[in-house]
Structure formats: structure tokens, C-alpha cells
Amino acid sequence: MGLDEVWMREKQKHRHQILYFIHLDCEEHNGDGLSVATLCNILPLNGLEVAQALKYLYQEGLITSKSGIFPGQGQPEGDKYRITHEGIKKMEQLILQPDQGNEPLSASVNHQHFYGQTFVQQGNHNIMSVTQPEPKPEELKP
């Protein structure tokens with residue numbers, strides 16, 4: 001397993017843990033959300049790791065901010081995060097069918113072959129331009 005894969009699995013684990021505790025707060029405690037500080041006290045993560053995971057979950061539409069401000073963008077101290085309906089459905093899927101994968105908690109990579117200039121979007125905000133030359137006839141094999 002390469003370092004990139006280890007790093008990605010750690011990020012995925014952080015997202016899963018945070019979503020789990022926000023879900024638990026909502027479902028079992030009828031809470032009004034969890035703050036970064038509370039999540040740091042619950043989990044062995046620092047504030048930056050928690051903020052990065054919250055930002056990802058927020059962008060995926062799985063959680064929402066009590067203040068309505070995007071995580072990491074100057075949110076009020078003690079801002080609370082709650083799970084959305086989509087987040088609840090995702091968490092239930094992860095609990096009932098753990099072998100079905102952790103999408104969208106993990107980044108996806110799709111390999112597709114296009115010729116000429118192509119724009120590729122990975123996630124909500126990541127766009128890149130890719131140019132691939134058309135293959136020569138001898139390179140095409142049936």
C-alpha cells in the first residue's frame with residue numbers, strides 16, 4: 001500500500017468518524033449539532049483535520065452549518081454542524097451495508113479516454129483541462 005493510499009484511507013476514516021458522531025448527536029441525543037472543539041474532544045484529531053473533514057462533508061451535502069457559513073471560511077467560534085437528510089441516508093447505508101463502499105466519503109477517480117481537449121471535474125470544485133493526442137492508426141488494435 002502506497003503512502004497516497006494510506007493518506008486517503010486516513011482522510012476517509014476521519015470523514016466517516018465525524019459523520020458518525022454528528023449522526024449520533026442528531027439521532028440519539030436530538031442535539032443541535034457538534035462544534036469543531038467538541039469533535040476534537042471526542043476524536044483523536046486536531047482542529048485542522050476536523051475542519052478539513054467538515055469542509056468535505058459540507059461540500060458533499062452531508063452536513064450543514066448552524067450559521068450557514070461554509071466550514072473554514074471564518075465561521076463563528078463554536079459554530080455547530082448538523083447532519084442533512086442526505087447525510088442520514090448515507091450513514092444508514094454505511095451502517096446497514098458496510099461492504100458497499102464509502103462513497104462519497106472517499107475520492108473517486110475515473111479513467112476515461114478522450115481525444116482532443118477535454119475538461120474533467122472530480123468532486124464539486126475540482127476542474128482540470130486535459131489534452132490527449134489522437135492515436136496513430138498503427139496504435140489502434142482491435
Side-chain angles (χ1 to χ4, degrees), residues 1-136 139-142:
M1 186 179 326
L3 289 176
D4 287 342
E5 190 175 343
V6 170
W7 176 82
M8 199 52 138
R9 286 184 189 266
E10 278 299 306
K11 294 289 183 189
Q12 183 178 355
K13 184 175 106 180
H14 296 167
R15 295 172 190 147
H16 184 258
Q17 290 171 332
I18 288 171
L19 188 62
Y20 171 80
F21 281 108
I22 293 174
H23 177 261
L24 185 67
D25 177 66
C26 177
E27 293 292 317
E28 293 190 10
H29 305 294
N30 200 21
D32 67 339
L34 297 177
S35 67
V36 171
T38 302
L39 288 164
C40 286
N41 289 333
I42 295 170
L43 298 165
L45 302 174
N46 64 44
L48 180 61
E49 292 169 322
V50 170
Q52 288 173 339
L54 285 170
K55 181 178 177 180
Y56 184 92
L57 294 169
Y58 187 90
Q59 289 175 328
E60 292 296 323
L62 301 176
I63 63 170
T64 187
S65 164
K66 190 170 183 181
S67 70
I69 299 173
F70 187 87
Q73 300 295 310
Q75 73 266 28
E77 191 66 31
D79 197 11
K80 305 272 180 109
Y81 297 91
R82 294 185 52 103
I83 196 163
T84 63
H85 180 68
E86 286 301 313
I88 291 171
K89 290 185 342 187
K90 183 63 190 170
M91 198 66 233
E92 289 172 351
Q93 177 191 357
L94 289 170
I95 291 168
L96 296 174
Q97 302 170 339
D99 59 331
Q100 295 298 313
N102 291 322
E103 287 295 327
L105 299 179
S106 62
S108 63
V109 176
N110 297 320
H111 294 278
Q112 297 179 348
H113 298 280
F114 298 99
Y115 302 109
Q117 188 172 14
T118 305
F119 293 94
V120 180
Q121 182 169 354
Q122 295 286 341
N124 291 337
H125 302 288
N126 304 322
I127 299 174
M128 68 177 169
S129 174
V130 178
T131 304
Q132 180 175 346
E134 193 166 336
K136 297 175 184 152
E139 293 174 342
L140 296 173
K141 295 182 181 177

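What you are looking at is a predicted structure, and each value in this text was computed from that prediction instead of being measured.
- Within the model, atoms CD1 of Ile22 and CG of Leu62 stand 9.5 Å from one another, a figure rounded to the nearest 0.5 Å.
- Taken from NE2 in His23 to CD1 in Ile95, the straight-line distance is 5.5 Å, to the nearest 0.5 Å.
- You'll find the side chain of Gln17 reaches within 4.5 Å of the side chain of Lys13, heavy atoms only.
- Interatomic distance, Phe21 CZ to Leu43 CG, rounded to the nearest 0.5 Å: 5.5 Å.
- Arg82 and Cys26 make their closest contact through NH2-SG, 4.0 Å (heavy atoms, listed as atom of the first residue, atom of the second, distance).
- Rounded to the nearest 0.5 Å, atoms CG (Leu45) and CD (Glu10) are 9.0 Å apart.
- Considering Asp32, Thr64, Val36, Asp25 in turn, Asp32 is the only one that fulfils the side-chain contact (heavy atoms from CB on, under 4.5 Å) rule with Lys80.
- Side chain of Ser65 to main chain of Tyr81: no donor-acceptor pair is present (N/O by atom type, distance under 3.5 Å, no hydrogens or angles).
- In terms of heavy-atom proximity, Ser35 sits nearest to Thr38 at OG-OG1, 3.0 Å.
- Note that CG of Leu24 is 11.0 Å distant from CG of Leu19, once rounded to the nearest 0.5 Å.
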Next on the checklist: Let's go through Ile63 and Ile18 carefully: what are the C-alpha distance in whole Å and the side-chain angles of both, what is the deciding distance for side-chain contact (heavy atoms from CB on, under 4.5 Å) to 0.1 Å, and is it a yes or a no?
Outcome noted: CA-CA 10 Å; Ile63 63 170; Ile18 288 171; 5.8 Å; no

Item to check | salt bridge (Lys or Arg N to Asp or Glu O under 4.0 Å) evaluation trace for Lys89 with Glu92 | outcome: CA-CA 5 Å; Lys89 290 185 342 187; Glu92 289 172 351; over 6 Å; no

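- Between Glu49 and Asn46, the closest side-chain pair of non-hydrogen atoms falls below 4.5 Å.
- For the atom pair OG1 of Thr84 and CD of Glu60, the computed distance is 10.5 Å after rounding to the nearest 0.5 Å.
- Asn41 CG: more than 12 foreign heavy atoms inside a 6.0 Å radius.
- The number of heavy atoms from other shown groups lying within 6.0 Å of OH (Tyr20) does not exceed 12.
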